[in-house]
Undergrad: 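Take this structure, written in structure tokens, and hold onto it; I'll ask about it next.
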Amino acid sequence: MHKHGGKKSKQSNSKSSRDHLQRTSQSISLHGGSIGRQPEASPATGSTSQYGKNSFEAGSSSRGKEMSRLVLNPIKNHKPESYEDMNLDISSMLLSSLEMHLPSYMLGASRNNKASYMRGILQDYVPPALRYRDQKQKEYREKIMSNYQPLHQELYTIDPVAFFVPAFLKAIKDNTEQSFRSIMSEPAPGIFTFEMLQPRFCELLITEVEHFEKWADRTKLHVMRPNTMNQYGAVLDDFGLQTMLKKLMEDFISPLSKVFYAEVGGSTLDSHHGFIVEYGSHRDVDMEFHVDDSEVTLNVCLGRQFSGGELYFRGMRCDKHLNTMGHSEEIFDYSHVPGCAVLHHGRHRHGARATIAGHRVNLLLWCRRAPQGA
């Protein structure tokens, strides 16, 4: 599918898993790895230990225990467990990623024992500041959930008929590549555009975010922004919309990504980062050239009235060549239309031009997967 760029469909899952582990451990942020990856950033390099090039080490021998280890190459055919329900002080996504790198004798241990083993490693390996930020995120969300009263309760569970336009619903119900392509355009390789959301849903979501931001202002709560590039907008998971977004990904985006992004794990998406961005006067103006911290990205314009703000895409590249020029066939510019979606590979290089008038609001859903083995 993706003819252009450096991350090819035959790239080994082992490298993909290592990249995911590096991405996750380096991006532990207030939103579980929500930092956008910019082309200027260099890829991290692995390190070796006294155990050889195939292992990481952590722990302190002064504790009178055997030094804990992680193996460098992920364990073949091992499916990591989910730790989301364990209410830990460490990102559940990070633990799932690390599980792929446990020594073989630990893979059969109970989930609690594996979590304890990995937490022990992280206490020595992850800087205290990162552990503190993860705990701060947990406290931040708990404070919101115990005090914030939603404006539109109907947004918090998916009502497909109220959310989506009929053509999109029918295509998802038929669940074939032909039905998907009947409602989609592919103006550039790997980039799909289609009508998706009902106008009323778009307006309800905008006003819910505005209601949350006004509540935060009244209560003197500092709103955590979606990533390091956006100074406006909000993370939807922070005020209770994570269940709705999870269902959106699993039931409505995964069927598409299974067909069009299989080479990057589109059929095994298992986590998300969902947020709103706002552009215009007294808000963010544009978005610099970057790639997303996702396997698959959904970008839907919610409205309202605005001029400018076009997305521009410039093809895909490996980490070493993120700043190279795009070829003519890779150049694609897209003008936002309220209710219409753009679906693309997270590694597809893109940016947004200045919103020169009005107020543009977009829903972003970064869809991710944990490593699936070598």
Side-chain angles (χ1 to χ4, degrees), residues 19-20 22-44 91-94 97 129-130 132-138 140-141 144 205-206 209 212-213 216 221-239 241-242 245-246 248-249 253 269 271-280 282-302 309 311-314 319 322-323 336 341-355 360-369:
D19 289 347
H20 187 96
Q22 291 168 350
R23 175 182 84 189
T24 308
S25 60
Q26 290 173 339
S27 301
I28 306 173
S29 74
L30 290 171
H31 301 108
S34 64
I35 300 172
R37 294 179 291 184
Q38 302 180 35
E40 291 75 20
S42 300
S91 164
S92 60
M93 184 178 179
L94 177 57
S97 296
L130 293 183
Y132 169 75
R133 289 209 300 265
D134 200 58
Q135 178 63 25
K136 188 176 179 182
Q137 178 208 13
K138 178 182 175 182
Y140 170 73
R141 287 188 174 177
I144 293 171
L205 187 54
I206 291 175
V209 172
F212 168 70
E213 290 179 333
L221 177 75
H222 175 70
V223 176
M224 301 301 180
R225 300 306 177 184
N227 51 58
T228 57
M229 296 180 289
N230 289 101
Q231 300 305 309
Y232 294 85
V235 178
L236 298 176
D237 298 73
D238 285 347
F239 53 98
L241 285 162
Q242 65 268 33
L245 294 175
K246 183 174 185 288
L248 172 62
M249 181 185 74
I253 303 306
L269 301 175
S271 66
H272 72 269
H273 175 52
F275 55 98
I276 293 292
V277 292
E278 299 184 63
Y279 296 89
H282 306 299
R283 298 177 177 86
D284 290 320
V285 176
D286 56 17
M287 173 58 70
E288 60 193 76
F289 194 53
H290 66 285
V291 295
D292 295 339
D293 189 7
S294 67
E295 272 62 58
V296 178
T297 293
L298 173 73
N299 184 341
V300 192
C301 181
L302 301 178
L311 288 180
Y312 58 92
F313 292 88
R314 296 297 183 262
D319 285 334
L322 285 176
N323 284 314
H336 289 288
V342 181
L343 192 70
H344 63 87
H345 193 307
R347 295 283 307 182
H348 210 126
R349 302 179 302 166
H350 62 286
R353 295 194 173 90
T355 297
R360 177 168 71 84
V361 185
N362 281 52
L363 164 66
L364 276 295
L365 189 67
W366 286 355
C367 304
R368 300 159 169 166
R369 68 155 186 169

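Residues take their numbers from the sequence shown, with the count starting at 1.
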Undergrad: Looking at every heavy atom in both Cys367 and Leu269, which two are closest together, and how far apart are they?
TA: CB-CD1, 3.7 Å

Undergrad: Hey, could you give me the CZ/CZ distance between Arg314 and Arg349, rounded to the nearest 0.5 Å?
TA: 9.0 Å

Undergrad: Tell me if a side-chain donor or acceptor on His282 pairs with a main-chain N or O of Gly280 at a distance below 3.5 Å.
TA: no

Undergrad: Look up atom CE in Met229 and atom NE2 in His290, then write down how far apart they are to the nearest 0.5 Å.
TA: 4.0 Å

Undergrad: Using every non-hydrogen atom in the two residues, find where Arg360 and Thr355 come nearest and quote the distance to one decimal.
TA: NE-OG1, 3.4 Å

Undergrad: Kindly write out the residues that satisfy ring pair (Phe, Tyr, Trp, His ring centres under 6.0 Å) with Tyr279, not counting sequence neighbours, or none if the list is empty.
TA: none

Undergrad: Rounded to the nearest 0.5 Å, how far does CG of Leu365 lie from CG of Asn299?
TA: 10.5 Å

Undergrad: Could you give the distance from CG (Leu245) to CG (Leu363), rounded to the nearest 0.5 Å?
TA: 7.0 Å

Undergrad: Taking Asp238 as the fixed residue, which of Arg225, Arg141, Lys138 is the one that meets the salt bridge (Lys or Arg N to Asp or Glu O under 4.0 Å) rule?
TA: Arg141

Undergrad: Evaluate the criterion side-chain contact (heavy atoms from CB on, under 4.5 Å) for residue pair Val223 and Tyr140; output intermediate values, then yes/no.
TA: CA-CA 9 Å; Val223 176; Tyr140 170 73; 4.1 Å; yes

Undergrad: Going by the rule side-chain contact (heavy atoms from CB on, under 4.5 Å), which residues pair with Ala341 if we only count those two or more places apart in sequence or in a different chain?
TA: Phe194, Met196, Leu298, Val300

Undergrad: Who passes ring pair (Phe, Tyr, Trp, His ring centres under 6.0 Å) against His272, sequence neighbours left out?
TA: none

Undergrad: Find the distance between NZ (Lys246) and CG (Leu241) and round it off to the nearest 0.5 Å.
TA: 15.0 Å

Undergrad: For the atom pair CG (Leu302) and CG (Asn362), what is the distance rounded to the nearest 0.5 Å?
TA: 6.5 Å

Undergrad: Yes or no on side-chain contact (heavy atoms from CB on, under 4.5 Å) for His350 and Tyr312, after CA distance, side-chain angles and deciding distance?
TA: CA-CA 5 Å; His350 62 286; Tyr312 58 92; 5.9 Å; no

Undergrad: List for me each residue that meets side-chain contact (heavy atoms from CB on, under 4.5 Å) alongside Arg283, sequence neighbours excluded, and say none if there are none.
TA: Tyr232, Glu278, His359

Undergrad: Is there a donor-acceptor contact under 3.5 Å linking the side chains of Arg368 and His273?
TA: no

Undergrad: Check Gly309 against His336 and note the closest heavy-atom contact, atom names and distance.
TA: O-CD2, 3.2 Å

Undergrad: Which heavy atom of Val235 sits nearest a heavy atom of Pro226, and at what distance?
TA: CG2-CA, 3.7 Å

Undergrad: Determine whether Asp284 and Val277 satisfy the following criterion, side-chain contact (heavy atoms from CB on, under 4.5 Å), listing intermediate values before the conclusion.
TA: CA-CA 8 Å; Asp284 290 320; Val277 292; 5.8 Å; no

Undergrad: Please list, chain by chain and in numerical order, all residues satisfying side-chain contact (heavy atoms from CB on, under 4.5 Å) with Thr297, sequence neighbours excluded.
TA: Asp292, Ser294, His344, Leu364, Trp366

Undergrad: Heavy-atom distance under 4.5 Å between the side chains of His345 and Val291, does that happen here?
TA: no

Undergrad: Might you work through the side-chain contact (heavy atoms from CB on, under 4.5 Å) test for Phe275 and Asp237, ending with a clear yes or no?
TA: CA-CA 8 Å; Phe275 55 98; Asp237 298 73; over 6 Å; no

